[in-house]
Student: 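Pasting a structure below so you can have a look.
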Amino acid sequence: MAEQTKFLPSSFVKEIKEIILTSRANAVRSVDFCRVQMYWQMGKRIFEEEQQGKERADYGSYLIRNLAKEIQPEFGSGFGIRTLEMSRKFYYLYPIAHTLCAQLNWSQYKLLISIEDKDKREYYLHESVNNCWTFRELERQVASSLYERLLMSNDKESVLAVARKERIPQTPEEVIKDPMILEFLGLKSQSSYYEKDLENSIITNLQEFLLEMGDGFTFVARQKRILLEDDEFFIDLVLYNRLIRSFVIIEIKTEKLTHQDLGQLQMYVNYYDRIIKLPEENPTIGILLCPLKNDTVVKMTLPNDSNLRAAEYKLYLPEAKLLQQKVEEWTKEFNNK
């Protein structure tokens with residue numbers, strides 16, 4: 001029998017393995033969603049029971065506290081006061097059963113219901129489903145203040161419309177985050193490092209980097225060689241965004257941005273626009289990724305309709321309050337224009 005396995009077509013064996021792995025994954029998702037439905041149903045009954053005793057101001061806390069005492073001995077510590085409170089809030093925020101997303105597990109929903117801002121919560125729910133984020137990926141995006149960073153260069157309505165798939169991104173601002181958070185690279189901000197170190201770390205952590213870049217990005221090349229007569233140049237990173245159908249050129253700098261850096265990036269973008277991109281594709285986008293930028297230098301160097309953008313990167317997770325403050329400042333500035 002062992003000899004016969006050598007003659008099995010590799011494609012056949014691969015298909016059987018895929019069937020097994022897909023079935024296992026579906027079984028796990030099914031169990032996860034049953035758990036979500038369980039907590040939703042618990043929250044519904046707790047909410048309904050509370051309404052019956054609404055004339056007593058403290059009935060809600062009394063109900064949950066005593067319910068936990070009743071069910072914990074039999075079902076364990078996972079059904080304590082905190083979980084019952086979250087179940088009630090879960091139902092309150094998502095009262096329509098058929099709107100629950102089967103792609104999301106209870107851990108993801110717990111994180112979502114901890115977000116007080118309604119629009120922010122909706123954004124992360126849609127993006128979790130659209131991009132098949134795991135809990136860890138969702139947790140990182142919330143911790144890195146993805147929503148607030150997008151609001152720094154976009155209005156709330158357009159950000160939510162893209163998340164809802166009501167429209168596709170139209171401008172570089174809608175796909176470029178500023179700042180970009182690269183804490184997963186493991187580089188220390190206080191240590192000196194070279195551009196090659198940063199580039200190597202990005203390639204090593206390419207999946208996380210594409211996740212940070214956002215929807216629709218795919219990797220094309222690193223150190224892409226281009227030849228202009230007898231001179232050769234190397235582009236740090238080339239990506240492609242299938243949503244806006246554009247090549248994205250990324251140049252990496254470890255020092256403060258200069259106008260010469262922008263000139264070099266413009267040359268690379270011109271090359272891709274004139275030589276590489278197809279007629280039906282949109283103009284190439286250039287991103288200068290740097291630890292510190294001077295917005296005035298960028299504005300004075302580039303024309304108003306330029307497809308080049310400078311974006312700062314941070315090697316640590318930002319403080320959410322600080323980003324929120326910046327969002328409010330940007331919104332006020334935008335409204336006063």
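Predicted model, so just to flag it, every value in this text is computed and none were measured.
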Student: Side-chain heavy atoms under 4.5 angstrom apart, residues restricted to Ile, Leu, Val, Met, Phe, Trp, Tyr: same cluster for M180 and L292?
Tutor: no

Student: Check whether the side chains of N66 and E70 place a donor and an acceptor atom closer than 3.5 Å, and report yes or no.
Tutor: no

Student: Say whether N130 and E127, considering side chains only, have a donor N or O and an acceptor N or O under 3.5 Å apart.
Tutor: yes

Student: Give the minimum heavy-atom separation between T99 and I96, together with the two atoms involved.
Tutor: OG1-O, 2.6 Å

Student: Say whether, by atom type as modelled, one donor and one acceptor occur between the side chain of K293 and the main chain of A311 under 3.5 angstrom.
Tutor: no

Student: Is any side-chain heavy atom of L211 closer than 4.5 Å to a side-chain heavy atom of Q141?
Tutor: yes

Student: Mind checking the NZ-OG spacing from K177 to S145? Nearest 0.5 Å is all I need.
Tutor: 12.5 Å

Student: Mark yes or no for whether R149, through its side chain, and P179, through its backbone, hold a donor-acceptor pair below 3.5 Å.
Tutor: yes

Student: Flag yes if more than 12 heavy atoms outside R82 fall under 6.0 Å of its CZ atom; otherwise flag no.
Tutor: no

Student: Tell me whether E255 at atom CD has more than 12 heavy atoms from other residues, nucleotides or ligands lying less than 6.0 Å away.
Tutor: no

Student: Around E229, counting heavy atoms of other residues, nucleotides and ligands shown, do more than 12 lie under 6.0 Å from its CD?
Tutor: no

Student: With clusters defined by side-chain heavy atoms of hydrophobic residues (ILVMFWY) lying less than 4.5 Å apart, directly or transitively, does I250 cluster with L243?
Tutor: no

Student: Given the rule in the side chain to side chain contact (heavy atoms under 4.5 Å, CB included) test, do E85 and K89 qualify, once you have shown the distances and angles that lead to the verdict?
Tutor: CA-CA 6 Å; E85 289 176 338; K89 187 175 181 180; over 6 Å; no

Student: Are the side chain of N105 and the backbone of D32 linked by a donor-acceptor contact shorter than 3.5 Å?
Tutor: no

Student: Is there a path of hydrophobic side-chain contacts, each under 4.5 Å between heavy atoms of I, L, V, M, F, W or Y residues, that connects V31 with L21?
Tutor: no

Student: Using only atom types and a distance under 3.5 Å, with no angle test, would you say the side chain of S306 pairs donor to acceptor with the backbone of P303?
Tutor: no

Student: Using modelled atom types and a 3.5 Å cut-off, is there a donor and acceptor pairing between side-chain atoms of N200 and backbone atoms of D197?
Tutor: no

Student: Dump the intermediate steps for side chain to side chain contact (heavy atoms under 4.5 Å, CB included) on M300 and H259, then the final yes or no.
Tutor: CA-CA 9 Å; M300 292 297 105; H259 67 279; over 6 Å; no

Student: Under 3.5 Å, side chain of W40 to main-chain N/O of Y94, donor-acceptor pair present?
Tutor: yes

Student: Spell out, as yes or no, whether a donor-acceptor pair under 3.5 Å connects the side chain of N205 to the backbone of L185.
Tutor: no

Student: Aromatic contact between Y147 and Y123, with the criterion being ring centroids under 6.0 Å apart: yes or no?
Tutor: yes

Student: Decide side chain to side chain contact (heavy atoms under 4.5 Å, CB included) for E148 and K120; before the verdict, give the C-alpha distance in whole Å, the side-chain angles of both, and the deciding distance to 0.1 Å.
Tutor: CA-CA 9 Å; E148 286 80 4; K120 181 178 177 179; 2.9 Å; yes

Student: Hey, could you give me the CD1/CD distance between I113 and Q108, rounded to the nearest 0.5 Å?
Tutor: 12.5 Å

Student: Cluster question for you: counting only ILVMFWY and a side-chain heavy-atom cut-off of under 4.5 Å, with indirect links fine, are F217 and V162 together?
Tutor: no

Student: Do F47 and L112 share a hydrophobic cluster (ILVMFWY, side-chain heavy atoms under 4.5 Å, transitive)?
Tutor: yes

Student: Could you list who else is in I249's hydrophobic cluster, with ILVMFWY side chains joined at under 4.5 Å, directly or through other members?
Tutor: V220, I226, L228, F233, I235, V238, Y240, F247, L257, L262, L265, M267, Y268, V269, Y271, Y272, I275, I276, L288, V297, V298, L302, L308

Student: Can you list the steps and then say if F90 with Y39 is a ring-ring contact (aromatic ring centres under 6.0 Å, His included)?
Tutor: CA-CA 8 Å; F90 182 33; Y39 285 115; 8.0 Å; no

Student: To check you understand the geometry: which heavy-atom pair defines the closest contact between P73 and A68, and what is its length?
Tutor: CD-O, 4.2 Å

Student: Looking at every heavy atom in both C101 and V129, which two are closest together, and how far apart are they?
Tutor: SG-CG2, 3.9 Å

Student: Any ion pair linking E139 and R136 (charged N to carboxylate O, less than 4.0 Å)?
Tutor: yes

Student: With R88, which of L93, T83, I46, L63 fulfils side-chain contact (heavy atoms from CB on, under 4.5 Å)?
Tutor: I46

Student: For Q207, is the CD atom crowded, meaning more than 12 foreign heavy atoms sit under 6.0 Å from it?
Tutor: no

Student: How long is the straight-line distance from CD of E137 back to CD of E208, given to the nearest 0.5 Å?
Tutor: 8.0 Å

Student: Please name the pair of heavy atoms, one in E251 and one in F234, separated by the smallest distance, quoted to 0.1 Å.
Tutor: OE2-O, 4.1 Å

Student: So does I64 get a backbone contact from the side chain of E50, meaning a donor-acceptor N/O pair under 3.5 Å?
Tutor: no

Student: Test side chain to side chain contact (heavy atoms under 4.5 Å, CB included) on N307 and N282; report intermediate values, then the result.
Tutor: CA-CA 11 Å; N307 260 12; N282 289 314; over 6 Å; no

Student: If we only count heavy atoms from C-beta on, is the Y109 to L100 side-chain gap below 4.5 Å?
Tutor: yes

Student: To the nearest 0.5 Å, how far apart are OG in S87 and NZ in K110?
Tutor: 9.5 Å

Student: Indicate whether any N or O donor in one side chain lies under 3.5 Å from an N or O acceptor in the other, for N241 and S246.
Tutor: no

Student: Could you tell me the separation between the CD atom of E157 and the CZ atom of R164, rounded to the nearest 0.5 Å?
Tutor: 8.5 Å

Student: Can you tell if the side chain of S128 reaches within under 4.5 Å of the side chain of L104, non-hydrogen atoms only?
Tutor: yes

Student: Do F209 and F219 have side chains that approach each other closer than 4.5 Å (heavy atoms only, starting at C-beta)?
Tutor: no

Student: Got more than 12 heavy atoms from elsewhere within 6.0 Å of NZ, K224?
Tutor: no

Student: Could you state the interatomic distance from CZ (R222) to CG (D236), rounded to the nearest 0.5 Å?
Tutor: 9.5 Å

Student: Does any non-hydrogen side-chain atom of V248 lie less than 4.5 Å from one of L237?
Tutor: no

Student: So, does Y91 use its side chain to make a donor-acceptor pair with the main chain of R45 at under 3.5 Å?
Tutor: no

Student: With side chains defined as the heavy atoms from C-beta onward, is the minimum distance between R140 and E212 less than 4.5 Å?
Tutor: yes

Student: Hey, does the side chain of R167 reach the backbone of A161 with a donor-acceptor pair shorter than 3.5 angstrom?
Tutor: no

